There are 4 protein chains.
Amino acid sequence: MSGPTKAELRKERIIDTARRIFAEKGVHAATVSEIAQEAKVSEGTIYEHFSNKENLLFHIPEHFTQRRQRIGVYHLKLIQGAANKLRAYAYIYTELFHENPDYATIVLLYLKGNANFRQTPGYQAIRNWFRFLTEIINEGIESGEFRPNVDAYIVRALIMGAIDQVTVNWLMSGKSTNLMETVDPIVDAVMEGILNPEVDEDAHWSNWRRTKARLRNKTIPAKEKKEQAG
Amino acid sequence: MSGPTKAELRKERIIDTARRIFAEKGVHAATVSEIAQEAKVSEGTIYEHFSNKENLLFHIPEHFTQRRQRIGVYHLKLIQGAANKLRAYAYIYTELFHENPDYATIVLLYLKGNANFRQTPGYQAIRNWFRFLTEIINEGIESGEFRPNVDAYIVRALIMGAIDQVTVNWLMSGKSTNLMETVDPIVDAVMEGILNPEVDEDAHWSNWRRTKARLRNKTIPAKEKKEQAG
Amino acid sequence: MSGPTKAELRKERIIDTARRIFAEKGVHAATVSEIAQEAKVSEGTIYEHFSNKENLLFHIPEHFTQRRQRIGVYHLKLIQGAANKLRAYAYIYTELFHENPDYATIVLLYLKGNANFRQTPGYQAIRNWFRFLTEIINEGIESGEFRPNVDAYIVRALIMGAIDQVTVNWLMSGKSTNLMETVDPIVDAVMEGILNPEVDEDAHWSNWRRTKARLRNKTIPAKEKKEQAG
Amino acid sequence: MSGPTKAELRKERIIDTARRIFAEKGVHAATVSEIAQEAKVSEGTIYEHFSNKENLLFHIPEHFTQRRQRIGVYHLKLIQGAANKLRAYAYIYTELFHENPDYATIVLLYLKGNANFRQTPGYQAIRNWFRFLTEIINEGIESGEFRPNVDAYIVRALIMGAIDQVTVNWLMSGKSTNLMETVDPIVDAVMEGILNPEVDEDAHWSNWRRTKARLRNKTIPAKEKKEQAG
DNA sequence: TATGAATGAGCATTCATTCAT
DNA sequence: TATGAATGAATGCTCATTCAT
């Protein structure tokens, strides 16, 4: 019946303020005293809730992770087909950054490369969300929707790497570009690749063609015919 | 005839030491005094060459950028075909990280997200190298090797985003995985995409299919027949 | 009922210590750390009370200014006659230096010539005290006690300039002379001047005499007769 | 025949530059490196001529002292009458400040209160110039031009203290006032004093009158009659 | 004699963290 | 439990001075 306690609200206010100030001035330049002032608590109170400044930083994703868990995973399960799910995942992943640029700044610029963060429960939660993408990709492979020789880890790196990349550019450019519009092209490119199927494969010398052939010989014998025909 | 001057060697030694220590302990935790000590120069000498600690950080990529310019661009021009060039680019890009993990740490964890760095000549040099990939992709589109509806910015984000991603994972995992082995799979995936062409496109509902159709209608009318036939 | 708070006492102790050390070793040679140590506070506490070292320096006169305001001005108002007041002022002014040589050192050697200090409230307070002397002089002119052609600014410069001068000499000589004994002679000289009235004014050529005559013609016609008679 | 050597010119250029920069930014804020740069010599050269930064500071008055010695003393000896000489001295003293505000700044704000400077030959030269004023005053007492009970030290403090005072005010006000115009009023005031001889001495109670009487009883018995008559 | 790169001691200032109230 | 004054370790940076060339 009773909502969040006073202390919980206070804690959330601290995290919200920290997120904003960390993102605005950088984690190093931001001071605990400034966060306390803006959150309208004393510095001591911050240390009641967080063991130190870095610990406060590590708690910032918490709220967003929970939100994604509640909303994201639920909706994705309703979508049929791995391709559709993958696209939806990319949207949800990007949208969280788009709607919360301060969160994006902190995750992409401060937490991704922080070894200590990788030991926290906060990172485990994010990891679970990443694994969910792996599951989607594997589901697509199993269903035959995706090529059988697809490596889920690689595809995940492509999707998330590209989104991280364009998000950082978006953040650094003062959010002047349209982030959400890049989601579809990224997913499209990953879906279909960039090679032009209209072009005769033998038209030009290419170690790529040979690499591809080699890969297919190993993993997709069914395609051999077409390959030979090409 | 005379090689680098004493002062130049000294400066290089400072940068080399800074790179190592920044990467080892993090930029913030590293102290100028420690770098001076390990580089066997006085603290004052560091400030003779660099205006401040951050400026020293910003000079770290210089050497690598020059090296890449000399070697990378030269060799890439000898390779025929955009696909081959793109693969080679990915190799060179990854190899620099692989051979110089400290450099990778600094570029990926400290410089990519630093707004001040983006104002330096050091970033401009890196930018030129990025643009080179864009040129390769556009070359492939013009030659017909790549789909005409390919977006160079997106492909670049996919390639570099994925490599950055796997490199950070590699660094954070203590370099326990094999970084170079991920290059080919990444390039392969970008080349061919992940959709299984053996599967009937109408087998499942997919807004992706519709998106693809829309894109093709606009840009590759010649393919329509095949599309309709498939 | 409650006296000064703990924090106020602490602040006063910092100022007292700073005054002593600044005077002893010079403002530049004195270190904040030394002041902290001697005042038995941490360096951080100094910066809780003063924005920086110079700001601490600027707060040193505060206490003395207040004391003078309370005591000096009050007593001076009870004295009758501008000449008496002027003498008393000179005594009070000198006595403060005499009783507080460290304060004298700081005011005369460090603050008088500091442009930044002139922007502080501390200087305004001192200024008010200076103005009080101007008022005394003007009062003497109005009452006829002082010559009507007296320039208050000049007289103030004479009195205070002479006292500052002898005080600096006193300080630099290791306080070996008797500072207070110079007050009366200074005031006496300003009162009566140095010219010997017994000597015939025409006894020697003097552009001074002409200057004097010119001044009197302008402002004290009543004296002309005597002048001519003399 | 041969003028100053190259080295002498160099040394003078260093002193001139130091004077300007010390005055502009303050001795502490000025750096040896900046002085070297502006004087177009190397830092090392400065240390060829001066043992350290303070020593350079102490050499700044040299040139002016010599100039004053050459011009000042020579001209003063041509003037007849102590009063005239005293006025001339005040003019010369003030004019040097007026014509060379940087020199004034350094002497009044940095050297007057520097104990180390008092050990240098530079200070001895200035001291000689001060003594010259004492001699003038004593000459006036002996000739009967000045009151016999005049204290030369006090008069010197009055004249020079007042001029120093107004010069510092002039410097701190950005030289917006007219410094030279204050010389005559200062000398006039010292000559004649500020008491109004027209006013009946008994018209008001005054410990000053009593002080004066006491002083006269001691030293100028000749005046007793006039005093009693008054 | 002149140079100016190199030195390194020295210091003001900051700020995460603590703890008495 | 909350406060915020007090702490003091930690460090980037300066600059007078030196000395190899």
Side-chain angles (χ1 to χ4, degrees), chain A residues 5-7 10 14 27-37 40-57, chain B residues 5-8 10-11 14 27-37 39-56, chain C residues 5-8 10-11 14 28-37 39-56, chain D residues 5-7 10-11 14 27-37 40-57:
Chain A
T5 67
K6 216 169 175 179
R10 211 188 265 276
I14 294 169
V27 170
H28 180 224
T31 69
V32 173
S33 132
E34 186 185 1
I35 293 168
Q37 221 171 327
K40 301 212 197 302
V41 297
S42 70
E43 296 174 57
T45 300
I46 290 183
Y47 285 86
E48 294 280 329
H49 292 285
F50 309 96
S51 54
N52 53 41
K53 190 185 177 185
E54 191 174 53
N55 184 258
L56 168 55
L57 171 67
Chain B
T5 67
K6 214 168 176 177
E8 284 167 344
R10 208 187 271 273
K11 185 172 180 179
I14 295 168
V27 171
H28 179 224
T31 71
V32 174
S33 134
E34 186 185 2
I35 293 168
Q37 224 170 324
K40 301 216 193 303
V41 296
S42 69
E43 289 180 54
T45 298
I46 290 184
Y47 286 89
E48 290 270 325
H49 291 285
F50 309 97
S51 52
N52 52 42
K53 191 185 176 185
E54 191 175 53
N55 183 259
L56 168 56
Chain C
T5 67
K6 216 168 177 177
E8 284 166 346
R10 207 186 272 272
K11 184 173 181 178
I14 294 168
H28 180 221
T31 70
V32 174
S33 134
E34 186 185 2
I35 293 168
Q37 226 170 325
K40 303 217 194 299
V41 297
S42 68
E43 293 179 53
T45 299
I46 290 184
Y47 286 89
E48 289 272 326
H49 291 285
F50 309 98
S51 54
N52 52 43
K53 193 185 176 183
E54 191 175 55
N55 184 259
L56 169 56
Chain D
T5 65
K6 214 169 175 178
R10 210 189 266 276
K11 184 174 180 178
I14 294 169
V27 170
H28 180 223
T31 69
V32 174
S33 133
E34 185 185 3
I35 293 168
Q37 222 172 327
K40 301 214 197 300
V41 297
S42 70
E43 295 174 58
T45 299
I46 289 183
Y47 284 87
E48 294 281 328
H49 292 284
F50 309 97
S51 55
N52 54 42
K53 189 186 177 183
E54 192 174 56
N55 184 259
L56 168 56
L57 172 68

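Predicted model, so just to flag it, every value in this text is computed and none were measured.
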When rounded to the nearest 0.5 angstrom, what is the spacing between [atom1] in [X] and [atom2] in [Y]?
X       : Y       : atom1 : atom2 : answer
C/Arg10 : C/Lys40 : CZ    : NZ    : 12.5 Å
B/Glu43 : B/Glu48 : CD    : CD    : 13.0 Å
D/Lys11 : D/Ile46 : NZ    : CD1   : 12.5 Å

Heavy atoms only: give me the nearest [X]-[Y] pair and the separation to one decimal.
X       : Y       : result
D/Tyr47 : D/Asn52 : CE2-CA, 3.8 Å
A/Ile35 : A/Ile14 : CG2-O, 4.2 Å
D/Lys53 : D/His28 : NZ-O, 3.6 Å

Describe the nucleic acid contact of C/His49 in one word from base, sugar-phosphate, nothing, applying a heavy-atom distance below 4.0 Å.
sugar-phosphate
What is the distance, to the nearest angstrom, from the [atom1] atom on [X] to the [atom2] atom on [N]?
X       : N      : atom1 : atom2 : answer
D/Glu34 : E/dG4  : CD    : C1'   : 17 Å
B/Glu8  : E/dA5  : CD    : C1'   : 14 Å
A/Lys40 : F/dG4  : NZ    : P     : 13 Å
B/Ile35 : F/dT11 : CD1   : C1'   : 12 Å
A/Gln37 : F/dA5  : CD    : C1'   : 14 Å
D/Phe50 : F/dC15 : CZ    : P     : 20 Å

Check DNA chain E for consecutive Watson-Crick or G-U pairs with both distances under 3.5 Å and list the runs of at least three as stems.
E:2-21 with F:2-21
Measuring to OP1 and OP2 of F/dA2, would you say a side-chain N or O of A/Ser42 lies under 4.0 angstrom away?
no
Is any side-chain nitrogen or oxygen of A/Arg10 closer than 4.0 Å to OP1 or OP2 of F/dA2?
yes
Please list, chain by chain and in numerical order, all residues satisfying side chain to side chain contact (heavy atoms under 4.5 Å, CB included) with B/Ser42, sequence neighbours excluded.
B/Thr45
Where along nucleotides 16-21 of chain E does protein come under 4.0 Å, by heavy atom, of base (B) or sugar-phosphate alone (S), with - for untouched nucleotides?
SBB---
